[in-house]
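Notes follow once the structure below has been shown.
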Amino acid sequence: MLPKIFFGYFAVVMVVLSLLIVTRKNPVHSVLWMLALFFHIAGLYLFLNAEFLAAVQVILYAGAILVLFLFVVMMLNLKEEVMGERFGKEWPVGISIGAFILVLFFFTINKFSQGPTGQYTIERIKAETHTKAIGSVLYTEFLLPFEIASLILLIAIVGAIVLAKKTK
Amino acid sequence: MVPLEWYIGLSTVLFVIGVVGFLIRRNILIMLMSIELMLNSVNISLVAFSHYLQDLRGQVLVFFIITVAAAEAAIGLAILISLFRNKEAVHTDEMTEMKG
């Protein structure tokens, strides 16, 4: 019973926060609501026995990506944004597409059946510690994707500098 | 024990809110944040599957998604800054260069 109450709290708060993110007029408010949402997602990860991912979520998303967003929001001129229209002309189309996807997904969830389970049970992860277990999978089975991820980050660094540089 | 379907349902709702936010907002900054919201909802479902199927590969996939999200945020914000510098515009309907 108690886990269900916990999950219910997290689910309700996360849905409300994400609705606030997409509907607020002032982008600064959106970013701050998103900060609260990311902390709740980290809490949900803790609830799912993924404590290293919860730490990464707080450090990377809340600490790095949102600060980047906040920097850009503060740099842009927001006076006209607060005055102007916040939704585009085509908003009924967007909402109907969203409702369609929602109905489609919920029909799919009803048909879901669980497959065979793997070898990392909770007891094994607890004995091995979560960070060590995830590292042993990341650096053996996923070594090549890990190297490619470093390349993606390099491209992001170079691309961001090239795009944001002043052209003469 | 919370059933796995609840997590998938939560993830679906968050994803759809992200899609709708991306489609209806005019501000490119909010659209980028909606993309982050969608990526996060996928992360939730991956971690839930990883926990319930007792396999760590889902959580490793979350790492790669976070990497791509960081790269996407950096490049998207750089595009936004150069747009604002050249056109003083952050709204999608004010950009008509491509005659879309």
Side-chain angles (χ1 to χ4, degrees), chain A residues 3-4 7 11 14-15 18-19 21-22 27 30-31 34 41 44-45 48-50 53 56 60-61 64-65 68-69 72-73 76 81 85-88 91 93-95 97-98 101-102 105-106 109 112 114-115 117-121 133-134 137-138 142 145 149 152-153 155-156 159-160 163-164, chain B residues 1-2 4-6 8-10 12-21 23-27 29-30 32-34 36-37 40 43-44 47-48 50-57 59-60 62-64 66-75 77-82 84-85 90-93:
Chain A
K4 287 187 176 166
F7 180 84
M14 278 159 74
V15 169
S18 47
L19 281 174
I21 289 165
V22 298
S30 288
V31 174
M34 196 153 211
I41 291 176
L44 205 61
Y45 287 171
L48 284 167
N49 280 317
L53 277 183
V56 165
L60 246 161
Y61 265 118
I65 296 181
L68 196 62
F69 269 100
V72 174
V73 175
L76 302 180
E81 170 68 24
E85 195 64 39
R86 70 183 105 162
F87 302 122
W91 64 269
V93 183
I95 287 180
I97 290 174
I101 299 175
L102 194 66
F105 275 14
F106 271 102
I109 292 170
F112 174 74
Q114 194 166 323
T117 53
Q119 51 181 340
Y120 278 95
T121 56
I134 209 166
V137 177
L138 183 63
F142 288 88
I152 289 175
L153 285 177
I155 292 168
L163 282 169
Chain B
M1 195 75 168
V2 183
L4 174 58
E5 281 84 359
W6 291 20
I8 310 172
L10 173 65
T12 304
V13 172
L14 291 189
F15 186 84
V16 168
I17 291 172
V19 169
V20 171
L23 289 175
I24 68 175
R25 288 300 295 247
R26 289 168 70 228
N27 192 336
L29 205 71
I30 308 282
L32 281 173
M33 283 166 62
S34 301
E36 298 291 331
L37 186 60
N40 267 291
N43 281 353
I44 291 171
V47 174
S50 161
H51 177 71
Y52 281 87
L53 297 179
Q54 299 174 348
D55 198 325
L56 280 179
R57 291 192 193 116
Q59 299 188 16
V60 173
V62 171
F63 272 108
F64 297 130
I66 290 177
T67 314
V68 171
E72 172 257 322
I75 292 190
L77 290 172
I79 291 173
L80 182 63
I81 286 175
S82 62
F84 191 74
R85 186 184 290 139
V90 289
H91 294 124
T92 45
D93 42 11

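Predicted model only: the values in this text are computed from it and were never measured.
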### Option in Ile66(B), Leu23(B), Leu56(B), Asp55(B) with maximal non-hydrogen atom pairs under 4.5 Å from chain A
Leu56(B)

### Query
Are Val62(B) and Val47(B) close enough, and set up right, to give a side chain to side chain contact (heavy atoms under 4.5 Å, CB included), and what steps lead you there?
CA-CA 7 Å; Val62(B) 171; Val47(B) 174; 3.7 Å; yes

#### Entry: Region of Leu48(A) that comes under 4.5 Å of a non-hydrogen atom in chain B
both

### Query
Which atoms of Val31(A) come close to chain B, meaning under 4.5 Å heavy atom to heavy atom: side chain ones, backbone ones, both, or neither?
both

### Task
Dump the intermediate steps for side chain to side chain contact (heavy atoms under 4.5 Å, CB included) on Asn43(B) and Leu53(A), then the final yes or no.
CA-CA 10 Å; Asn43(B) 281 353; Leu53(A) 277 183; over 6 Å; no

### Task
Write down the atom of Ile152(A), the atom of Val68(B), and the distance for their closest heavy-atom approach.
CD1-CG2, 4.2 Å

### Side-chain touch Val22(A)/Phe87(A), heavy atoms, less than 4.5 angstrom
no

#### Entry: pair Arg25(B)-Ser34(B): side-chain heavy atoms closer than 4.5 Å
no

### Message
Just so I understand: if I count every heavy-atom pair under 4.5 Å between each of Leu44(A), Ile155(A), Val56(A) and chain B, which residue has the most?
### Response
Leu44(A)

### Task
Give, as side chain, backbone, both or neither, the part of Val13(B) having an atom under 4.5 angstrom from any heavy atom of chain A.
both

### Task
Report yes if some heavy atom in the side chain of Leu4(B) is under 4.5 Å from a heavy atom in the side chain of His51(B); otherwise report no.
no

#### Entry: Proximal component of Ile81(B), with respect to chain A [non-hydrogen, under 4.5 Å]
side chain

#### Entry: Ile24(B), part contacting chain A, at a heavy-atom distance under 4.5 Å
both

### Message
Tell me which of these, Pro145(A), Ala133(A), Ala64(A), has more heavy-atom pairs under 4.5 Å with chain B than the rest.
### Response
Pro145(A)

### Contact origin within Leu10(B) toward chain A - heavy atom pairs under 4.5 Å
side chain

### Query
For Val73(A) and Pro27(A), which heavy atoms make the closest approach, and how far apart are they?
CG1-CB, 4.0 Å

### Query
Using a cut-off of under 4.5 Å for heavy-atom pairs, which of Glu5(B), Met33(B), Glu72(B) has the most such pairs with chain A?
Met33(B)

### Task
Identify which of Pro3(A), Gly159(A), Ala156(A), Gly115(A) forms the greatest number of heavy-atom pairs closer than 4.5 Å to chain B.
Ala156(A)

### Intermediate values then yes/no, side chain to side chain contact (heavy atoms under 4.5 Å, CB included), Phe64(B) and Phe142(A)
CA-CA 10 Å; Phe64(B) 297 130; Phe142(A) 288 88; 3.9 Å; yes

### Task
Find the one option among Ile21(A), Leu102(A), Val137(A) whose heavy-atom pairs under 4.5 Å with chain B are most numerous.
Leu102(A)

## Note on the structure
Those residues at least two apart in sequence (or on a different chain) that pass side-chain contact (heavy atoms from CB on, under 4.5 Å) with Leu53(B) are Gln114(A), Phe49(B)

#### Entry: Heavy-atom contact with chain B under 4.5 Å, split by part of Ile134(A)
both

### Task
Can you tell which part of Glu36(B) gets under 4.5 Å to a heavy atom of chain A, answering side chain, backbone, both or neither?
both

### Query
Do you know which of Ile17(B), Val19(B), Leu32(B), Ile75(B) has the most heavy-atom pairs under 4.5 Å to chain A?
Ile17(B)

### Query
Side chain, backbone, both or neither: which part of Ile41(A) has a heavy atom under 4.5 Å from chain B?
side chain

### Message
Which one wins on heavy-atom pair count under 4.5 Å against chain B: Phe106(A), Phe112(A), Tyr45(A), Trp91(A)?
### Response
Tyr45(A)

### Message
Donor-acceptor pair, distance only, cut-off 3.5 Å: does the side chain of Arg85(B) make one with the backbone of Ala164(A)?
### Response
yes

### Query
In terms of heavy-atom pairs under 4.5 Å with chain A, which of Gly18(B), Ala71(B), Ser50(B) leads?
Ala71(B)

#### Entry: Minimum-distance pair of heavy atoms, taken over all atoms of Leu68(A) and Ala74(B)
CD2-CA, 4.0 Å

### Message
Given heavy-atom pairs under 4.5 angstrom as the criterion, report whether the side chain, backbone, both or neither of Met34(A) touches chain B.
### Response
side chain

### Message
So which residue, Leu153(A), Thr121(A), Leu60(A), ends up with the most heavy-atom pairs under 4.5 Å with chain B?
### Response
Thr121(A)

### chain B contact via Phe69(A) - which portion, at a heavy-atom distance below 4.5 Å
both

### Message
With a 4.5 Å cut-off on side-chain heavy atoms, are Leu77(B) and Leu29(B) touching?
### Response
yes

### Contacting region of Val15(A) [heavy-atom separation from chain B under 4.5 Å]
both

### All side-chain contact (heavy atoms from CB on, under 4.5 Å) counterparts of Phe105(A), not counting sequence neighbours
Ile101(A), Thr12(B), Phe15(B)

